[in-house]
Amino acid sequence: MAVNETPMSTNDALKHRFQQVHDRIHQAEQACQRRGQVQLLAVSKTKPAALVRAAWQLGQRHFGENYLQEALGKIHELADLDDIYWHFIGPVQSNKTRDISSHFDWVHSVDRLKVAERLNDQRPDALGPLNICLQVNISDEATKSGISVRELPALVQTVVALPRLTLRGLMVIPAPEPDPARQRAPFRRLAETLKELNSTLDLSMDTLSMGMTDDLEAAVQEGATMVRIGTALFGARDYPKGNPS
Ligand SMILES: *Cc1c(COP(=O)(O)O)cnc(C)c1O
């Protein structure tokens with residue numbers, strides 16, 4: 001373990017940032033009587049395995065990654081940590097589903113049937129069901145990924161029937177909105193959509209994956225159960241030249 005330790009100053013800074021984010025979550029929870037209902041997903045894309053290990057040593061267990069090759073390297077390097085959970089949160093290309101399905105615990109970004117079926121078919125039996133969130137295009141912007149609210153019920157019904165997947169809930173990445181008051185609308189729509197699907201289809205989906213560094217509070221106010229935080233925990237991202245953002 002000593003071999004991979006990051007310098008003391010890095011660990012102190014990281015500890016401080018985790019404390020700040022935990023404080024933000026607790027305050028937001030308290031403001032709307034939702035104490036203890038929000039889980040922190042630490043988004044470690046572009047960050048080295050050593051930093052993920054340092055975060056794990058601080059008690060963080062759930063990590064989000066966007067780029068498959070980069071993630072596989074870290075998963076391999078951190079294979080000695082038994083109690084660690086990997087969430088795939090980036091766009092899923094259908095030729096990548098086998099690796100995603102065999103190395104991750106959650107996928108938040110499923111937005112079409114073909115991808116769901118492939119993840120199901122390729123999930124190794126030994127691993128138990130893969131946790132799934134469906135990514136919703138809540139504002140129906142042509143540029144955003146995610147399934148439309150209109151097409152969602154059919155996808156939900158099909159995914160629920162796939163034996164190697166467990167449909168946990170919905171995920172959204174709203175268009176950037178600097179005004180905190182206006183950040184809440186898409187999150188509210190996603191929460192209402194989940195509630196309605198649960199009631200009309202008699203389901204018990206329990207996850208709303210919403211809220212990032214700049215809109216964490218708005219998401220918690222509207223019912224987020226998992227916030228996906230990168231920048232506030234690990235600092236600005238280090239994109240190698242040519243890597244998409
Ligand atoms: C990068 C990313 C995040 C983290 O965003 P921050 O603003 O850095 O907290 C969350 N969700 C998804 C899907 C991402 O790609």
When you measure from the side chain of [X] to the backbone of [Y], do you find a donor-acceptor pair of N or O atoms at a distance under 3.5 Å?
X    : Y    : value
N137 : S148 : no
R228 : M212 : no
S101 : L119 : yes
W86  : A71  : no
R123 : G128 : yes
R168 : T207 : no
T97  : S94  : yes
E222 : A191 : no
E65  : Y67  : no
Q183 : A218 : no

*What's the verdict on side chain to side chain contact (heavy atoms under 4.5 Å, CB included) for T231 and R237, showing C-alpha distance, side-chain angles and the deciding distance?*
CA-CA 7 Å; T231 309; R237 280 181 281 280; 3.6 Å; yes

*Run the salt-bridge test on R61 and D105 with the 4.0 Å N-O cut-off and return the result as yes or no.*
no

*For the pair D215 and R184, find out whether any cationic side-chain nitrogen is under 4.0 Å from an anionic carboxylate oxygen.*
no

Spell out, yes or no, whether [X] and [Y] are grouped together once hydrophobic residues are joined by side-chain heavy atoms under 4.5 Å, including indirect joins.
X    : Y    : answer
V110 : I100 : yes
I89  : L208 : no
V92  : V159 : yes
L41  : L134 : no
L167 : W106 : no

Does any part of the side chain of [Y], heavy atoms only, come nearer than 4.5 Å to the side chain of [X], both counted from C-beta?
X    : Y    : answer
D214 : P176 : no
M210 : L190 : yes
N66  : T46  : no
Q135 : S109 : yes
F88  : L68  : yes
Q20  : H16  : yes
L152 : L197 : yes

Minimal non-hydrogen separation, [X] against [Y], with atom names:
X    : Y    : result
A232 : V21  : CB-CG2, 3.7 Å
V136 : L170 : CG2-CD2, 4.0 Å
C133 : M171 : CB-CB, 4.1 Å
F104 : L130 : O-CD1, 3.4 Å
V38  : A224 : CG2-O, 3.4 Å
P186 : I138 : CB-CG2, 3.5 Å

_Parallel, tilted or perpendicular: which one describes the rings of H62 and H87, with boundaries at 30° and 60°?_
perpendicular

Atom [atom1] of [X]: over 12 foreign heavy atoms under 6.0 Å:
X    : atom1 : result
R98  : CZ    : no
E196 : CD    : no
N95  : CG    : yes
N131 : CG    : yes

Let me confirm one number: the [atom1]-[atom2] distance from [X] to [Y], rounded to the nearest 0.5 Å.
X    : Y    : atom1 : atom2 : answer
L14  : Q19  : CG    : CD    : 11.5 Å
L233 : S44  : CG    : OG    : 9.5 Å
L40  : R24  : CG    : CZ    : 10.5 Å
R53  : L58  : CZ    : CG    : 13.0 Å
L165 : N120 : CG    : CG    : 4.5 Å
K15  : T10  : NZ    : OG1   : 14.0 Å

*Quick one: do T225 and Q39 satisfy side chain to side chain contact (heavy atoms under 4.5 Å, CB included)? Show the steps, please.*
CA-CA 6 Å; T225 63; Q39 194 177 8; over 6 Å; no

*Where do V115 and R112 land on the side chain to side chain contact (heavy atoms under 4.5 Å, CB included) test, with the steps shown first?*
CA-CA 6 Å; V115 160; R112 58 195 195 276; 3.5 Å; yes

*asked:* Between E70 and K74, does the salt bridge (Lys or Arg N to Asp or Glu O under 4.0 Å) criterion hold? Intermediate values first, please.
replied: CA-CA 7 Å; E70 182 199 326; K74 286 180 233 183; 2.6 Å; yes

_Check against side chain to side chain contact (heavy atoms under 4.5 Å, CB included), Q60 and I84_ = CA-CA 8 Å; Q60 181 64 30; I84 189 166; over 6 Å; no

